[in-house]
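Please read these numbers as outputs of a predicted model, since none were measured by experiment. A, B, ... follow the sequence lines: proteins, then strands. Residue 1 opens every chain.
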Amino acid sequence: MPAGSGTVRPVPELPEVETIRAQLQPRLEGRSITEAGSHPSAKFTPAVEAVGCDVTGVRRRGKYLIVDLDDSSEAGCELVIHLGMTGRLAVEPYVDLSHPHLRAWWRLDDDDALTLHDIRRFGRVHVVPAGRHETIATLHRLGPEPFSDQFTGESLWRALRASRRCIKTQLLSQRPVAGVGNIYADEALWLAGVNPAVRHLSKPRAGRLAEAIRTALASGLRHGGTTLRDYAALDGASGRNQHHLHCYGRAGEPCERCGTELRRKVVDARGTTWCPVCQRR
DNA sequence: GGCTGGCCCTGTACGC
DNA sequence: TGCGTACAGGGCCAGC
């Protein structure tokens, strides 16, 4: 086994972020932010613009958490949080300012605090006027939500046709569809029988892949997300979807469909598991 | 404007 | 036991 390969750290993808969002909403909605602080790194703004604002809602767009704020302006503003690979949010009464992984925190008017811990510092925090995402390039160009009417086999086929990059790279770019990361890309491609390195799909196959993306994400949502190491929901509970994965992280094991040994290779600098028979090019 | 590759970042596993 | 190295990977950015 190569060094480090036994340490799998999945990032929070759509199901994980949605699980956190659902738990965060009742804890934050209606509260006011009274104080903010952050790690001294320039990457972690304390988002002091949020101080004095009321939380009016908590939404998700792709892998981004968006906390809607009423700042007395007509449009309001948004606290936008991306958890990166190892980001973890919590609402807790005590903020340990000496914790080495504490990146940002916001004190609420009930004396609890929303905290962001992030081991690898890949997370991001922004405050922007409501709906103005031009300064957050990936969010600005995000594809349709996978469970929306805008995401169809046709829309996926068109998006994939517009680029010459391989399918997996395109899925990870967030442009054909929002919220798919490495885990669910591998799962969806396996479900659809699509090789991660192909560059174009026929319309029928794009339709099957769109359905497979929804199936893989729905499984993650149903099981509270996937926990292989770092991810935990707001209440600290682990997800259960790791027990329902067909492909991701199973290189060397037999394919559930055909029994062929699943293989692993690097696509777009991401570890990729696939079945050489079911997902033949 | 699209694509590619390098970089960020830290915990962990492994070899020596 | 301790040190050095490889690896994990989402998003950003420079260069082409």
Side-chain angles (χ1 to χ4, degrees), chain A residues 1-18 20 38-45 60-66 80-89 99-104 116-126 128 133-143 146 158-189 196-200 217 220 225-232 242 245 247-252 264-274:
Chain A
M1 187 171 62
S5 66
T7 307
V8 187
R9 297 182 180 86
V11 302
E13 302 183 29
L14 186 150
E16 291 74 27
V17 177
E18 178 58 29
I20 293 167
S38 74
H39 187 274
S41 165
K43 292 179 65 176
F44 290 94
T45 167
R60 178 196 55 73
R61 179 78 172 95
K63 303 179 201 173
Y64 289 86
L65 265 175
I66 300 176
V80 180
I81 301 172
H82 193 293
L83 296 173
M85 290 178 60
T86 52
R88 186 168 170 174
L89 286 167
H99 194 289
H101 301 147
L102 179 68
R103 304 304 176 208
L116 171 64
H117 290 80
D118 185 5
I119 295 173
R120 292 191 195 172
R121 306 186 189 183
F122 280 15
R124 296 285 189 278
V125 176
H126 309 264
V128 296
H133 301 149
E134 297 87 340
T135 55
I136 311 171
T138 306
L139 178 58
H140 184 54
R141 296 194 287 190
L142 211 52
R158 287 186 187 282
L160 297 176
R161 195 180 60 162
S163 171
R164 285 171 290 138
R165 293 191 290 176
C166 68
I167 297 291
K168 175 147 183 190
T169 301
Q170 293 203 56
L171 291 178
L172 297 182
S173 77
Q174 307 299 302
R175 292 196 196 180
V177 60
V180 176
N182 206 33
I183 297 173
Y184 297 98
D186 275 10
E187 289 296 297
L189 290 167
V198 303
R199 297 179 186 275
H200 295 290
L217 292 172
T226 303
T227 296
L228 296 181
R229 185 175 178 84
D230 290 316
Y231 162 73
Q242 63 275 17
L245 296 176
C247 180
Y248 176 85
R250 294 190 52 203
R264 184 182 180 281
K265 64 178 173 181
V266 176
V267 176
D268 192 28
R270 313 294 185 240
T272 299
T273 310
W274 91 109

- Message: Determine whether W274(A) and K265(A) satisfy the following criterion, side chain to side chain contact (heavy atoms under 4.5 Å, CB included), listing intermediate values before the conclusion.
- Response: CA-CA 8 Å; W274(A) 91 109; K265(A) 64 178 173 181; 3.6 Å; yes
Please report, rounded to the nearest Å, how far the [atom2] atom of [N] is from the [atom1] atom of [X].
{"X": "R120(A)", "N": "dA8(C)", "atom1": "CZ", "atom2": "C1'", "value": "5 Å"}
{"X": "Y184(A)", "N": "dG10(C)", "atom1": "OH", "atom2": "P", "value": "13 Å"}
{"X": "L14(A)", "N": "dG10(C)", "atom1": "CG", "atom2": "P", "value": "14 Å"}
{"X": "R264(A)", "N": "dA6(C)", "atom1": "CZ", "atom2": "C1'", "value": "12 Å"}
{"X": "H126(A)", "N": "dG11(C)", "atom1": "NE2", "atom2": "P", "value": "11 Å"}
{"X": "I136(A)", "N": "dC13(C)", "atom1": "CD1", "atom2": "C1'", "value": "17 Å"}
{"X": "I183(A)", "N": "dA8(C)", "atom1": "CD1", "atom2": "C1'", "value": "12 Å"}
{"X": "R141(A)", "N": "dC12(C)", "atom1": "CZ", "atom2": "C1'", "value": "11 Å"}

- Item | Flag side-chain contact, heavy atom, 4.5 Å: L83(A) against K63(A) | no
- Message: Strictly below 4.0 Å: does R121(A) bring a side-chain N or O up to OP1 or OP2 of dT10(B)?
- Response: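 Yes, because at least one side-chain N or O of R121(A) sits under 4.0 Å from OP1 or OP2 of dT10(B).
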- Is any side-chain nitrogen or oxygen of H101(A) closer than 4.0 Å to OP1 or OP2 of dG11(B)? yes
- Item | Heavy-atom closest pair, residues I66(A) and R61(A) | CD1-CB, 3.9 Å
Could you list the protein-to-nucleotides 3-7 of chain B atom pairs, N/O on both sides, closer than 3.5 Å?
residue : atom : partner : partner atom : Å
dC3(B)  : OP1  : S163(A) : OG           : 2.6
dC3(B)  : OP1  : R164(A) : N            : 3.0
dC3(B)  : OP2  : S163(A) : OG           : 3.3

- Message: Return the NE2 to SG distance between H200(A) and C166(A), rounded to the nearest 0.5 Å.
- Response: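 It is 11.0 Å, given to the nearest 0.5 Å.
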- Query: Nearest 0.5 Å, what's the NZ-CG distance between K168(A) and L189(A)?
  - Reply: 7.5 Å
- Task: Take R141(A) and R175(A) through the side chain to side chain contact (heavy atoms under 4.5 Å, CB included) test and state the conclusion after the steps.
- Result: CA-CA 7 Å; R141(A) 296 194 287 190; R175(A) 292 196 196 180; 3.0 Å; yes
